[in-house]
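The structure appears below as structure tokens.
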Protein chains: 2
Amino acid sequence: MPTDKNIELTINEGHASAPPKAAKKILDVAYDLFYRRGIRAIGVDEIVRRAGVTKPSLYRSFPSKDELAASYLRQYDLEFWERFDEAVDAHPGDPRAQILAFLTRVGKRTQRPDYRGCGMTNAAVEYPEHGHPARVVSEANKQELRRRLRAMAAAMGAQEADTLGDGLLLLIEGAYISGQLFGLGGPAQSVARNADLLIEASLKK
Amino acid sequence: MPTDKNIELTINEGHASAPPKAAKKILDVAYDLFYRRGIRAIGVDEIVRRAGVTKPSLYRSFPSKDELAASYLRQYDLEFWERFDEAVDAHPGDPRAQILAFLTRVGKRTQRPDYRGCGMTNAAVEYPEHGHPARVVSEANKQELRRRLRAMAAAMGAQEADTLGDGLLLLIEGAYISGQLFGLGGPAQSVARNADLLIEASLKK
DNA sequence: ATGTATACGTACCGATCGGTAACATTGTCA
DNA sequence: TGACAATGTTACCGATCGGTACGTATACAT
């Protein structure tokens, strides 16, 4: 009598001998399709077809397509913070280097041929209605990102720490969007350089 | 035997005594709905219903929903450059003041309760497929914006003019997205201040 | 062996999607 | 009055949308 399969699925995983559950295959396929082509653009039929399962299997693990989309974003959230913390951990006690390491990697990813930006950002654009399950996850992720960027700006000793933190967030969001708008050679490749200039200007007395 | 009603509609308009054409009502309603709620989220039935016309009228003036979306964006493009040039014309020969005037107004607009970002940017997120009619218009708009920002950065005398122009574009796109993600009090309100800092840093020898 | 619970599939639902065929009505200008 | 173009009306199309009722297969415990 599972109360919430989606959550169970994220905390469970990897019993070594457990057969590949249908829910996992569904979420994996949904992740890929939702991210690459958009949530509204993908129907549940295509998801179950490519996952090699049937529709009732989807609706036994996920209460609705909207909730499946929210589960996709929760998974995205996990992997996002892995990437973020990887850059942070690489430069202990040096927030400026942490930011630049993160943005250097973002800038590189945006130059990949089929880069599709940030799944969180894209979902918020697709679902402007407040309270939509997917949007709720997206907003929470961005709030937390903003909080951390402002904290890092303060740790750098910026005079207007909140302004700098927000400025970095604007550059990041701009890189996500420009990456998928311009493709190779687009403005997103200079996100780290511009962040560095902005930080420099914000630290100057 | 109209070859292209959409274009005729933008160059015509305003015969004073002409009865309000169906095509105009359709485009006006589509503009509002597509911008506020998204293109994929709105069906043609809702458009014609709210426009007080019928579906055949829509398809007599627009070959498809995708082309209607493209027409909406062409209209958006016109109004966008009106706003942009308004800021430019207010400060002749002073590109830095032009940028800041434009960004100050963008920052203010992002703080409105139901701000929905840039119609161009949103359309590109909704339609990642290359060659989609809506995306084509959106990409052209952004290419031109990039070109102008880089030219203005060069006119300011920035050492890395292209880097600064691209940095300003990143801030702008970030403001569009953050405006609809965070609502009131979001990071987009500081876009002009951050742009000013970035420009300052880029001009310093 | 038999009950029981879980996992899965077949087949279907009403609603809506974008788009069209065929015809009636209107206003304008000659 | 007649011709024409624009719009409206009604009804329809096949495809797809998200979602479900219901039967079946499998595994395990007793």
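Lettering of chains follows the sequences in order, A, B, ..., and the numbering in each one begins at 1. All of these numbers come straight from a predicted model, not from anything done at the bench.
Across D:dT7, C:dA21, C:dC8, the shortest atom-to-atom separation from the side chain of B:Pro56 is found for C:dA21. Side-chain proximity of B:Thr54 to D:dG18, D:dG8, C:dC8: nearest is D:dG8. Here the side chain of B:Tyr59 is nearest to one of C:dT20, C:dC8, D:dT9, namely C:dT20.
We find that A:Asp32 and A:Arg36 are joined by a salt bridge, their nearest charged nitrogen and carboxylate oxygen being less than 4.0 Å apart. A:Glu144 has a carboxylate O that lies under 4.0 Å from a charged side-chain N of A:Arg147, or vice versa, which qualifies the two as a salt bridge. Between B:Glu139 and B:Arg146, no side-chain nitrogen of the basic residue sits less than 4.0 Å from a carboxylate oxygen of the acidic one, so the salt-bridge criterion is not met.
Residue-level contact check: A:Ile47 touches neither bases nor backbone, having no heavy atom under 4.0 Å from any strand. Within 4.0 Å (heavy atoms only), B:Ile42 reaches sugar-phosphate atoms of the nucleic acid but no base atom.
When each of A:Ser64 and B:Lys55 is assigned the nucleotide of DNA chain D with its nearest heavy atom, B:Lys55 is the one assigned upstream, toward the 5' end.
To the nearest angstrom, C1' of D:dG8 lies 15 Å from NZ of B:Lys21. Remark: C1' of C:dG9 and NZ of A:Lys25 are 13 Å apart, rounded to the nearest angstrom. Whole-Å rounding puts the A:Lys65 NZ to D:dC17 P distance at 8 Å. One can place NE2 of A:His132 at 11 Å from P of D:dG18, the figure rounded to the nearest angstrom. Going from atom CG of B:Asp45 over to atom P of D:dC17 covers 17 Å, rounded to whole Å. Separating the CD atom of B:Glu46 from the C1' atom of C:dG19 is a distance of 18 Å, rounded to the nearest angstrom. When rounded to the nearest whole Å, the span between CZ of B:Arg60 and C1' of C:dG18 equals 16 Å.
For A:Asp114, the CG atom is loosely surrounded, since the number of other residues' heavy atoms within 6.0 Å does not exceed 12.
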